[in-house]
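Accompanying notes for the structure given below.
All values below were derived from every heavy atom in this structure, side-chain atoms included, with hydrogens, water molecules and symmetry-related copies excluded. All residue numbers refer to positions in the sequence shown, counting from 1.
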Amino acid sequence: QDHAQGFTTWEGYVDWRNRPAIKGCHGGAVAASFVLVVEILENLAYLANASNLVLYLSKFMNFSPSASANIVTNFMGTAFLLALLGGFSSDFFSTYYIYIISATIEFMGLLMLTLQACIPSLRQPICASVNRNIPCKEVGGGHTAMLFSGLYLVALGVGGIKGSLPSHGAEQFDENSPQGRKHRSSFFNYYIFCLACGALIAVTLVVWVEDNKGWQWGFGISTVAILSSIAIFLLGSGTYRIKVPTGSPITTIFKVLVAAFSNSLFPKNSIGNVQDTRENPENTTEISEDEEGHREQGEEIQTEMKDLKFIGKATVRNTAYPSLRCTVKQVQDVKIVVQVVPIFMSTVMLNCCLAQLSTFSVQQAATMNTYIGALKVPPASLPIFPVIFTMILAPVYNHIIIPFARAVTKSEMGITHLQRIGTGLFLSVVAMAVAALVEMKRKRVAEQSGLMNTTEPLPITFLWISLQYLFLGSADLFSLAGLMEFFFTEAPLSMRSMSTALSWASLAMGYYLSSVIVSIVNSITGRFQQTPWLYGSNLNHYHLERFYWLMCILSGLNFLHYLLWASRYKYKSTKPDCERGRDDNTTSEA
């Protein structure tokens, strides 16, 4: 095109006006910096309400502690699970447009919640009972419909943003140069740093406003924040390079799996290897002049295909259904996705532990002395401890630990993605053990003080709860950044946004699993005791310490499961992406 004449363009990328992206004008650190600022505002808008939502539901909507906890975990789980939809849409359309649409949806949801908090007739009257054992009348009817409509519009918007924004930022760097890949790795570290910056403002300023000035102001701040993030994102439009979509990743996965299943049930040719696909004149294009240079790559592909024989059957030459014939590249893409699934599943338990930070941990702190000197700290501000630690550790990790590890290991990564994820999983085991010990101490103080059935704060500082926040916050720092970079770098080029969204889907499944475990624990313990472990409106009568010990044991077993799969995993992205894509195209077109 005219505007690109005389300039070197980025192959496979366009600008926001759908013109070829130009090197030196589009992409790079400046473009990524807009993404990082947007993430601060977006996470502020989301976390300001999510971190304190359990108290809003219990105090202003009159839900019980366990019901409030389940509503919050289901809400947060849905938001993160919808990141898969956001990632899929980003691969099919573009990260740029999906972010704008998703942020607008979140704005609409926050606006509904703000109106409900502002207008007394749209919410439940406040319950003034001083006895913890007397439940209040829960919200119902139209009030419930408005509450959940607003919440799940926010969840839909958050999902779209989480599925598009990290990939949009990572795509601004040149993955075909070592320096570009290092900058991309730094981007993921600073993405976590910006998550923490937004969280710091959310759990301090906004939570204080919610508790002292009213929830209408808290929701209002979140609404303004997400609206500002849209404006800033649009301001950076001229600097972005946007990946040209290459089709639906879901279609590719579905086609390969159906073809493999079909060829297994109705075989027409027992030989289904890569060589057949290339030798059949009907299924190959002209071979390039550097065919000999790619022979070793072809042999490597054949070896890899044998690792997953079932999926390899999708490349059968004489398939019973010609429309299902798949190229080697398509099968390779699906094979990579299948191989990362066990790693993905191993992180779900960690996120199940993280779910406790937004539910039971906040409720524990609400029963304790929340003063630091003369300053009264809202219980929902407890995440400030892991947030500050993350803000300190992220730059230290990026500028000190990683360079040192690279110098010692003589490798580009220094610390591998899987080592980083494993560190996070181990810390989650420690965190649950600490949580159980702290809860035992809290209940002992309640019993000794004779305050089991009152709303009076216990004579024990809430800073004890900060210990489990510290360990789980550290676990989140190691695991989330490692997961996002792992999925982005290992994923096929056409599936990067969707694969990166698996990091958030793991969070979603963790929140859902938390609700399931609570329900199962109550069901089983209710059969053998008069009252289940986690039932009623009085947290002091819960057996929360037993629940935390159960989580500790499950996390330990999960860590062993992770070690099994991580030790067997072979990194695929050892070459620059341009070389991998070129090799795929040479050997796999059909």
Side-chain angles (χ1 to χ4, degrees), residues 84-85 87-88 91-92 245-285 294-346 486-487 489-502 505-506 509 564-566 568-573 577 580-590:
L84 284 176
L85 177 61
F88 163 74
D91 284 327
F92 191 69
T246 57
S248 169
I250 295 293
T251 302
T252 300
I253 294 173
F254 183 75
K255 179 181 178 181
V256 170
L257 294 179
V258 170
F261 183 75
S262 174
N263 293 337
S264 298
L265 292 180
F266 310 105
K268 289 187 63 176
N269 189 330
S270 61
I271 301 176
N273 55 34
V274 174
Q275 189 66 31
D276 284 339
T277 306
R278 292 208 304 260
E279 288 178 355
N280 187 350
E282 297 178 358
N283 297 335
T284 57
T285 58
H294 296 297
R295 180 168 297 173
E296 292 183 3
Q297 172 70 10
E299 293 174 355
E300 179 183 343
I301 291 176
Q302 292 183 56
T303 301
E304 292 176 354
M305 297 289 280
K306 293 178 181 178
D307 295 338
L308 291 171
K309 295 181 180 179
F310 171 75
I311 296 179
K313 291 181 179 180
T315 59
V316 167
R317 179 178 59 186
N318 295 324
T319 177
Y321 302 97
S323 61
L324 293 177
R325 187 177 295 123
C326 301
T327 66
V328 172
K329 183 178 184 302
Q330 290 174 326
V331 175
Q332 279 292 97
D333 288 352
V334 174
K335 176 179 175 291
I336 292 173
V337 172
V338 171
Q339 287 181 322
V340 302
V341 167
I343 304 298
F344 159 73
M345 295 302 298
S346 299
F486 172 71
F487 288 138
T489 56
E490 294 296 293
L493 297 178
S494 61
M495 302 182 185
R496 279 188 161 173
S497 294
M498 190 181 73
S499 298
T500 305
L502 286 174
S506 174
M509 295 179 68
L564 172 66
W565 289 104
R568 299 172 61 184
Y569 187 85
K570 297 179 181 179
Y571 286 96
K572 303 302 179 185
S573 52
D577 289 337
R580 288 192 290 152
R582 194 160 51 238
D583 291 341
D584 288 337
N585 291 335
T586 301
T587 61
S588 65
E589 294 297 333

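- Across every non-hydrogen atom of Ser346 and Pro342, the tightest pair is OG-O, 2.8 Å.
- Residues Met498 and Ile253 are in side-chain contact: their nearest non-hydrogen atoms beyond the backbone lie under 4.5 Å apart.
- Across Phe486 and Ile343, no two heavy atoms sit closer than the pair CE2-CG2, 4.0 Å.
- The two residues Ile336 and Glu490 make their nearest non-hydrogen contact at CG2-O, 3.1 Å.
- No side-chain donor-acceptor contact under 3.5 Å links Ser506 to the backbone of Leu502.
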Practice task
Apply side-chain contact (heavy atoms from CB on, under 4.5 Å) to Met345 and Met509, showing your working.
Solution key: CA-CA 9 Å; Met345 295 302 298; Met509 295 179 68; 3.9 Å; yes
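- Atoms CZ and CE, from Phe88 and Met495 in turn, are 11.0 Å apart once rounded to the nearest 0.5 Å.
- When all heavy atoms of Ala491 and Ser499 are compared, the closest pair comes out as CB-OG, 3.2 Å.
- The two residues Val334 and Thr252 have their closest heavy-atom pair at CG2-O, 4.0 Å.
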